[in-house]
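The figures here come from the full heavy-atom set of this structure, side chains too, leaving out hydrogens, waters and symmetry mates.
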Amino acid sequence: MDILFLCVVVFLFLLAIFDLSVGVSNDAVNFLNSAIGSKAASFKRILIVASIGVFIGAAMSNGMMDIARHGIFRPEHFSFYDIICIFMAVMVADIILLDVFNTLGMPTSTTVSMVFELLGATFVVSLIKMAGDSTGLGLNDLLNTEKALSVILGIFISVAVAFFFGTLVQFLSRMIFSFNYRSRLKFKIGIFGGLCATAIVYFLLIKGAKDLTFMTPEVKAWINTNTLLIIGCCFAGFTVLMQLLHALKVNVLKVIVLMGTFALAMAFAGNDLVNFIGVPLTGLASYQDYIANGAGDSTGFLMGSLNGPSNTPLYFLIGAGLVMVVALATSKKAHRVAQTEIGLGSQNGGDEMFGSSRLARRLVRWALSFLAWGRRVTPVRIREWFGRRFNVDETVMDQGAAFDLIRGSVNLVLAGALIALGTSLKLPLSTTFVTFMVAMGTSLADRAWGRESAVFRITGVISVIGGWFITAGVAFIGAGLIVLMMHYGGHWVMFVLAALTILLIIRSNRRFRAKRVEDSGDTLFQTILSTKDPQQAWQLLVMFIADRQRSFIAFAEENYRNVTAAFIKEDVRTLDKTENALVRQKDVLKSSRRKETLCLRQVSRETAIEKSAWFHLGNNCCMSILYNLRRISEICKEHVENNFLPLPPRHIGDFEMVRTRVTALFNDTMAMIDREQTEDVPTLRRHCDEIKDMVSDTYHQLYIHLHDGDAAAISVLYVYLNMLQETREMVSNLRKYLRAYAKLRDSEFSGRS
């Protein structure tokens with residue numbers, strides 16, 4: 001049995017390695033977004049700065065594991081076997097939960113997930129112990145609920161406070177600098193840079209360095225006693241330094257953003273490392289204590305030793321830092337999570353990752369009413385002055401940036417200052433919550449939420465916040481169920497759950513790679529939005545449209561073939577999968593249409609006006625083809641699910657000929673798009689007419705059978721009739737699409753010449 005426990009501890013460390021990489025992928029949103037979104041430096045340089053901060057923060061962390069050791073439960077009342085079950089459940093639930101959120105591109109809080117996983121697993125084990133205990137121990141004797149409640153309170157406070165101050169500070173900063181900030185930096189940049197750099201130093205001292213290994217009690221006491229002196233000297237020194245750098249033509253704002261990135265990365269690694277390795281290290285300490293003093297009694301040996309402080313070896317911290325740095329540099333999921341916040345706060349129009357919700361629509365309506373009232377009661381001169389200061393048309397941004405350096409600086413500095421303030425007030429603020437809500441507040445103050453995007457971005461903010469709170473519930477319930485199975489199932493259940501965890505990790509990564517392939521066109525989309533040449537934008541847009549529509553035609557061909565074959569074979573499972581795929585494809589088409597509409601803004605006005613009709617016709621034809629497929633799928637699925645009569649063999653041969661011609665037409669269309677030419681369009685349109693005539697002939701023959709055939713087969717013949725009608729309409733829509741495609745392509749080639 002001791003070998004089993006050793007295997008569990010080893011497995012905990014293996015999961016911890018993966019948890020470190022997944023956790024960094026999730027929490028990279030905290031310290032990368034502002035630098036990436038403002039283009040303060042190249043992505044490689046930003047990663048280097050953040051990696052240095054992560055490694056230093058991890059290596060110098062003291063590794064205190066209070067939450068994992070005795071922050072949630074009272075270890076003196078739990079046996080070694082109880083502790084192992086709890087820790088195993090926590091790690092399994094944490095891996096699955098974080099990886100799912102990262103795959104969806106949704107940032108979540110590692111602090112919340114770990115606390116509630118520990119709480120859920122401990123709660124279930126406590127109920128089991130209370131049910132079979134005769135010593136009179138109550139829930140308060142086994143659980144440390146105060147810690148979990150303080151985390152929840154800190155979450156609620158941080159969400160509201162961070163959003164409010166993010167909006168306020170960015171509003172004041174923009175009022176001082178305006179969007180054309182470069183013309184107003186001469187005498188203001190020194191003071192602004194001094195304030196920002198001082199806030200970052202304060203953040204590092206109070207939040208990032210207070211628990212580092214070299215921080216002796218004397219040094220901490222000296223810092224606390226001389227905090228105001230340190231801040232004053234830093235402000236004076238940094239103000240002079242920033243003004244000198246500006247005089248030497250150095251971009252001070254980029255320096256501030258990179259300093260803030262380093263500070264947040266260091267504090268993240270130094271303070272949140274416990275969320276990733278706290279449980280396995282505590283499991284190792286428990287195992288060592290059990291081997292030394294447990295005498296082989298895993299269910300009777302109590303773990304009171306966990307009440308003492310931990311002494312984490314330095315090589316564990318260095319190893320954890322190396323894993324985090326490698327994960328930060330190589331993880332594609334980190335980039336996807338970063339895209340969520342950057343997209344929600346982008347100054348430019350962009351692809352909206354979230355849909356529209358009733359609550360968001362109502363909030364936007366209320367906000368518009370309030371703004372209309374504010375304009376009515378505000379004097380004209382004041383409105384004009386604010387209009388000049390907040391003129392978005394004067395925005396100064398580097399090419400490809402989502403927002404400017406002023407907002408990037410405020411995001412990092414304010415997030416750090418709020419976290420430092422919360423730490424000094426002993427509030428357990430979440431780094432994820434604070435940084436995300438500050439970014440949302442600053443984007444709101446910058447008028448990044450226009451009328452065409454506000455409802456989507458508010459929906460996104462609500463979804464992300466809701467996801468954080470769902471994390472707590474899912475973590476609590478998931479860890480509780482897992483520990484219940486392990487407690488009663490024993491070591492066999494542990495082995496099964498370990499294998500299941502590995503399989504889920506492999507499956508999740510495969511699905512993420514497939515999703516990356518589906519989203520490969522997003523790079524071209526971002527390139528179009530960032531280009532300044534209307535002619536180049538139009539050429540890229542035609543390529544983007546062709547790529548998206550080619551993908552849809554391939555989708556239509558595959559699903560038309562699948563649904564018709566499934567109807568003939570009475571394969572209800574394939575029909576069900578096809579129907580779900582068709583429903584999801586509607587959202588894909590809507591997203592593509594919005595992206596293409598945004599890209600049209602980058603081309604010349606004359607081209608946009610001239611070609612918009614063909615652009616919209618192509619989109620409408622694709623949507624109509626999708627509706628044809630859905631109507632075929634719905635009636636076929638209903639017929640097969642009800643186990644009605646199959647299609648008679650004499651009609652199968654006729655329809656096979658029609659289906660072969662239709663799928664060949666789809667394939668020829670895709671081949672033409674791949675060749676990037678339009679010479680085959682007249683031929684393909686003639687093929688469409690021939691297929692329509694062929695379907696009409698089949699339709700008329702079927703109509704005769706409806707009058708002369710067996711009454712019992714009328715039901716399936718009506719389904720067949722519907723398939724023919726929708727097929728004919730689908731071919732007609734494809735014929736219209738070919739014309740629209742030719743008009744768009746011809747304009748591209750004529751533009752090149």
- Query: If you draw a 6.0 Å radius around CZ in R358, do more than 12 non-hydrogen atoms from other residues or ligands fall strictly inside?
  - Reply: no
dist N411:CG -> F436:CZ (nearest 0.5 Å) comes out at 11.5 Å
Hey, is NZ on K692 packed in by over 12 heavy atoms from elsewhere, all under 6.0 Å?
-> yes
Between F655 and I568 the two heavy atoms that sit nearest each other are CD2-CD1, 4.2 Å
Residues passing the side-chain contact (heavy atoms from CB on, under 4.5 Å) test with A581, sequence neighbours excluded, are F555, N559, R584
Sorted by chain and residue number, the side-chain hydrogen bond (donor to acceptor under 3.5 Å, both in side chains) partners of N643 (sequence neighbours excluded) come out as none
Measure from the side-chain N and O atoms of N620 to the backbone N and O of M623, and report whether any donor-acceptor pair falls under 3.5 Å. no
Residue pairs meeting ring pair (Phe, Tyr, Trp, His ring centres under 6.0 Å), one or both in residues 574-629, sequence neighbours left out, come to none
Distance col, row D547:CG vs D674:CG, nearest 0.5 angstrom, shows 9.5 Å
Quiz item: Side chain of N733, backbone of E729: donor and acceptor closer than 3.5 Å?
Solution: yes
So the salt bridge (Lys or Arg N to Asp or Glu O under 4.0 Å) pairs with at least one residue in residues 657-669 (sequence neighbours excluded) are E656-R659, R661-E690
Are there more than 12 heavy atoms of other residues, nucleotides or ligands under 6.0 Å from atom CZ of R361? yes
Here the gap from M657 atom CE to T698 atom OG1, rounded to the nearest 0.5 Å, amounts to 7.5 Å
*Using a 4.5 Å cut-off on heavy atoms from C-beta on, say whether the side chain of L626 contacts that of F552.*
yes
Inset, instruction - Using modelled atom types only, decide if a donor and an acceptor are shared between the side chain of H651 and the backbone of L717 within a distance under 3.5 Å. - result: no
Contacts of V681 meeting side-chain contact (heavy atoms from CB on, under 4.5 Å) (sequence neighbours excluded), chain-then-number -> M672, T678, R685, L738, A742
In short, ring pair (Phe, Tyr, Trp, His ring centres under 6.0 Å) pairs touching residues 573-598 with sequence neighbours left out are none
The reported gap from OG1 in T564 to OH in Y720 (rounded to nearest 0.5 angstrom) is 11.0 Å
N562 meets the side-chain contact (heavy atoms from CB on, under 4.5 Å) criterion, sequence neighbours left out, with E558, T574, T578
side-chain hydrogen bond (donor to acceptor under 3.5 Å, both in side chains) filter on E596, not counting sequence neighbours, yields N619
Here the pair of heavy atoms bringing S34 nearest to G408 is CB-O, 3.7 Å
Correct closest heavy-atom pair for A556 and I625 would be CB-CG2, 4.1 Å
Sorted by chain and residue number, the side-chain hydrogen bond (donor to acceptor under 3.5 Å, both in side chains) partners of R686 (sequence neighbours excluded) come out as T683
Salt bridge (Lys or Arg N to Asp or Glu O under 4.0 Å) pairs touching residues 612-639, sequence neighbours excluded, are D576-K637, E579-K637, R631-E726, K637-E641
Correct closest heavy-atom pair for S633 and L582 would be CB-CD1, 3.7 Å
So salt bridge (Lys or Arg N to Asp or Glu O under 4.0 Å) across residues 560-575, not counting sequence neighbours, yields E557-R561
Taken to the nearest 0.5 Å, the spacing of C621 SG from M730 CE works out to 13.0 Å
Here the ring pair (Phe, Tyr, Trp, His ring centres under 6.0 Å) pairs for residues 590-613, sequence neighbours left out, are none
For this session: Give a yes or no answer on whether the side chain of S443 reaches the backbone of A439 with a donor-acceptor pair at less than 3.5 Å.
Result: yes
Heavy atoms of Y560 and I632 approach each other most closely as CE1-CD1, 4.1 Å
Heavy-atom nearest pair, C636 first then V719, reads SG-CG1, 4.1 Å
